[in-house]
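Source: prediction; values computed, not measured. Whatever order the structure lists them in is the order used to number ligands and atoms, beginning at 1.
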Amino acid sequence: MTTPILQATGLVKRYGRVTALAGSDLELLPGEILAVIGDNGAGKSSLIKALSGAVVPDEGEVLLDGEPVSFSTPLDARNAGIETVHQSLAVSPSLDIAANLFLGRELRRKGVLGSVFRMLDRAGMREEARRQLDALGIMTIQNPGQAVETLSGGQRQAVAVARAAAFGSRVVIMDEPTAALGVRESRAVLDLILQVRDRGLPVILISHNMPHVFEVADRIHIQRLGRRKAVVDPKSVSMSDAVAIMTGAMEPPS
Ligand SMILES: Nc1ncnc2c1ncn2[C@@H]1O[C@H](COP(=O)(O)OP(=O)(O)OP(=O)(O)O)[C@@H](O)[C@H]1O
């Protein structure tokens, strides 16, 4: 059997009396897009937060490439190669695209200018940003020096996805990346997600949008009442059956 890139077993997360995760498992295989679907409150966000270091689970284990890991902060997860694109976009509108791509890990100038005077290598960052955006085929962005506040919602989302793709060395997690987008912008972001996968990075995609999920996912993890209820193959399960399993109207196929 292939070793999952990212695996969670028996995750429990309680918030006071609410149990958000009641022993949840998850497996992300190399090179796949794993969609995570579930009704409101099923524990999707809590699951993703536990995998990305945003919450520390009360119980359970997370394995990265088969090795146990414990993330106390999102930075721990990032340092381990797990990049997360959150629902509320963490882009800084007044900064330009290149600066956004490198937010928190800016390139410094070589020599004392960088090491002592902490001067930023702006030209280097723009060049690298251009390279990343080109690699992801975001041709609509002409100039990496453009301020993010002048971009459309889809272009901003593309910048966030590009950042995750650029720095996520092992896993990219996307929480509702198309939720706020129009048809054309959603299309561009879905294409980006496919490109990230095709470049060899596995992706976890949380979405309520069933057509999007069925279009891009290799497997679909169905979360229900804080647990993984089933994993289904979008090629052999219909959208209505997936929704029925998600809401409890139908038992998953054994
Ligand atoms: N910080 C918190 N404090 C208290 N309860 C919380 C907190 N975060 C989540 N919960 C509760 O945990 C349960 C699972 O929430 P979670 O956000 O993980 O579900 P979800 O599947 O992502 O839902 P949605 O699709 O609505 O975003 C819910 O009952 C929620 O109210």
Heteroatom proximity flag, Gly41 to ligand 1, N/O under 3.5 Å: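 In this structure, Gly41 places an N or O atom under 3.5 Å from an N or O of ligand 1.
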
Under 3.5 Å between any N/O of Gly43 and any N/O of ligand 1: does that happen in this structure? yes

Below 4.0 angstrom, N of the basic side chain to O of the carboxylate: do [X] and [Y] qualify?
X	Y	answer
Glu32	Arg219	yes
Asp65	Arg170	yes
Lys44	Glu176	no

Provide the number and element of each atom of ligand 1 under 4.0 Å from a heavy atom of [X].
X	answer
Lys44	18 (O), 19 (O), 20 (P), 21 (O), 22 (O), 23 (O), 24 (P), 25 (O)
Ser45	17 (O), 18 (O), 20 (P), 22 (O), 27 (O)
Val18	11 (C), 12 (O), 29 (O)
Ser46	15 (O), 16 (P), 18 (O)
His208	25 (O)

In this structure, does ligand 1 have an atom that sits under 4.0 Å from one of the heavy atoms of [X]?
X	value
Lys13	no
Ala42	yes
Asp39	yes

Could you point out which residue of Val237, Asp39, Ile37 forms a side-chain contact (heavy atoms from CB on, under 4.5 Å) with Ile222? Ile37

Nearest non-hydrogen partners of Pro202 and Leu28, listed with the distance: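 Looking at all heavy atoms of both residues, the shortest contact is CB-CD2, 3.8 Å.
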
Taking all non-hydrogen atoms of both residues, which atom of Asp233 and which atom of Asp218 are closest, and how far apart?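 Closest heavy-atom pair between Asp233 and Asp218: OD1-O, 4.2 Å.
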
Regarding Thr178 and His212, do their side chains bring together a donor and an acceptor under 3.5 Å, going by distance alone? yes

With backbone taken as N, CA, C and O and side chain as the heavy atoms from C-beta onward, which portion of Lys49 lies under 4.0 Å from ligand 1: side chain, backbone, both, or neither? neither

Would you mind telling me if ligand 1 is within reach of the side chain of Asn40, the backbone, both or neither, using heavy atoms under 4.0 Å?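 It is both backbone and side chain that touch ligand 1.
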
Sort out for me which residue in Ser24, Ser46, Ser45 forms a side chain to side chain donor-acceptor pair (under 3.5 Å) with Gln223.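 That would be Ser24; it is the only one of Ser24, Ser46, Ser45 passing the side chain to side chain donor-acceptor pair (under 3.5 Å) with Gln223.
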
